[in-house]
Amino acid sequence: MKTQILPNWCKKLGLILFIIASLLNGSLNFINNSINKYGVSGINSSELGKQSNNEILGLLNAFTGGAISYGIDFFAIVSILIYMISKEKVEDDYINKLRLESFQLTLIIGLLTTIVVYILDKNLKLTLDYFIFPLLWSYIIIFFIKKRMYL
């Protein structure tokens, strides 16, 4: 049974969408860090009612570091997946074998890394995207290296 994969033009689409998501996420992180470091400046609290600068700071942090940031991360993960499951210009059985080998090596590296991190610090609490992004990137890098060795 063959796996259905996207056409080759989706590779460019996935890459462009990922770059846009990365730029948006970087911008939001920059804004969030700037707000945390310098506070809210130029906002007169009398204009906004009885809210203090700390309440405004909390609202801005929730906006830039909350659901929008996770949504952009999800969008970036989906765009990497679109890139990964798109066909190559020349798609043959050897490319399918390279995909499988890259996936296996990525999974082994990811599991070993997770085990080592767990052994070093059992109380470490990370979100899922800290594990997904490195797995996806390592798959892309390993597949690229294996494909270059093939060609």
Side-chain angles (χ1 to χ4, degrees), residues 1-6 10-45 47-88 95-150:
M1 180 171 130
K2 279 234 175 213
T3 304
Q4 298 292 324
I5 54 181
L6 300 172
C10 290
K11 198 173 266 302
K12 293 174 188 159
L13 176 71
L15 188 61
I16 290 170
L17 292 176
F18 176 72
I19 290 170
I20 290 170
S22 296
L23 290 175
L24 283 173
N25 200 9
S27 300
L28 281 177
N29 286 336
F30 176 76
I31 290 169
N32 194 19
N33 290 338
S34 298
I35 289 171
N36 286 335
K37 187 173 183 180
Y38 300 113
V40 179
S41 60
I43 296 178
N44 187 356
S45 61
E47 295 174 3
L48 298 171
K50 296 184 179 183
Q51 290 180 330
S52 68
N53 281 345
N54 288 335
E55 291 173 351
I56 296 168
L57 182 64
L59 289 173
L60 287 173
N61 279 338
F63 176 74
T64 58
I68 291 178
S69 180
Y70 288 119
I72 292 172
D73 284 344
F74 177 76
F75 186 70
I77 289 170
V78 169
S79 35
I80 288 178
L81 285 173
I82 289 172
Y83 179 84
M84 286 173 52
I85 62 174
S86 297
K87 285 184 180 180
E88 297 294 318
I95 293 292
N96 288 334
K97 182 181 175 198
L98 291 179
R99 284 183 200 276
L100 177 64
E101 290 175 359
S102 301
F103 179 73
Q104 288 173 338
L105 189 58
T106 300
L107 190 63
I108 290 169
I109 291 171
L111 287 174
L112 290 176
T113 305
T114 304
I115 290 169
V116 168
V117 167
Y118 181 73
I119 288 171
L120 294 177
D121 189 5
K122 293 180 181 172
N123 296 325
L124 185 65
K125 304 230 184 282
L126 298 173
T127 58
L128 192 57
D129 57 341
Y130 283 102
F131 294 101
I132 291 176
F133 276 116
L135 280 174
L136 295 175
W137 274 111
S138 61
Y139 171 81
I140 290 172
I141 291 169
I142 290 169
F143 181 71
F144 179 78
I145 291 171
K146 285 185 169 282
K147 190 171 78 171
R148 291 296 168 221
M149 289 174 21
Y150 165 66

Considering only distance and modelled atom types, tabulate donor-acceptor pairs under 3.5 Å from the side chains of residues 134-145, sequence neighbours left out.
unit_1, atom_1, unit_2, atom_2, d
Ser138, OG, Pro134, O, 2.9
Ser138, OG, Leu135, O, 2.9

Gap separating the [atom1] atom of [X] from the [atom2] atom of [Y], nearest 0.5 angstrom:
| X | Y | atom1 | atom2 | answer |
| --- | --- | --- | --- | --- |
| Ile132 | Phe74 | CD1 | CZ | 9.5 Å |
| Phe75 | Ile80 | CZ | CD1 | 11.5 Å |
| Ile72 | Leu23 | CD1 | CG | 10.5 Å |
| Ile82 | Ile5 | CD1 | CD1 | 14.0 Å |
| Thr114 | Ile119 | OG1 | CD1 | 11.0 Å |
| Leu13 | Ser86 | CG | OG | 8.0 Å |

Query raised in the report: Between Leu98 and Glu88, is any pair of side-chain heavy atoms under 4.5 Å apart?
Result: no
Query raised in the report: For Tyr83, does the OH atom have more than 12 heavy-atom neighbours from other residues, nucleotides or ligands under 6.0 Å away?
Result: no
Report summary line: Closest non-hydrogen atoms of Phe133 and Asp73, given as atom of the first, atom of the second and distance, are CZ-O, 3.8 Å
**Report entry** Heavy-atom pair of closest approach, residues Thr113 and Ile109
**Finding:** OG1-O, 2.7 Å
Query raised in the report: Quick one: does Arg99's side chain have a donor or acceptor within less than 3.5 Å of a partner on Ile85's backbone?
Result: no
Report summary line: Lys87 meets the salt bridge (charged side-chain N to carboxylate O under 4.0 Å, His left out) criterion, sequence neighbours left out, with none
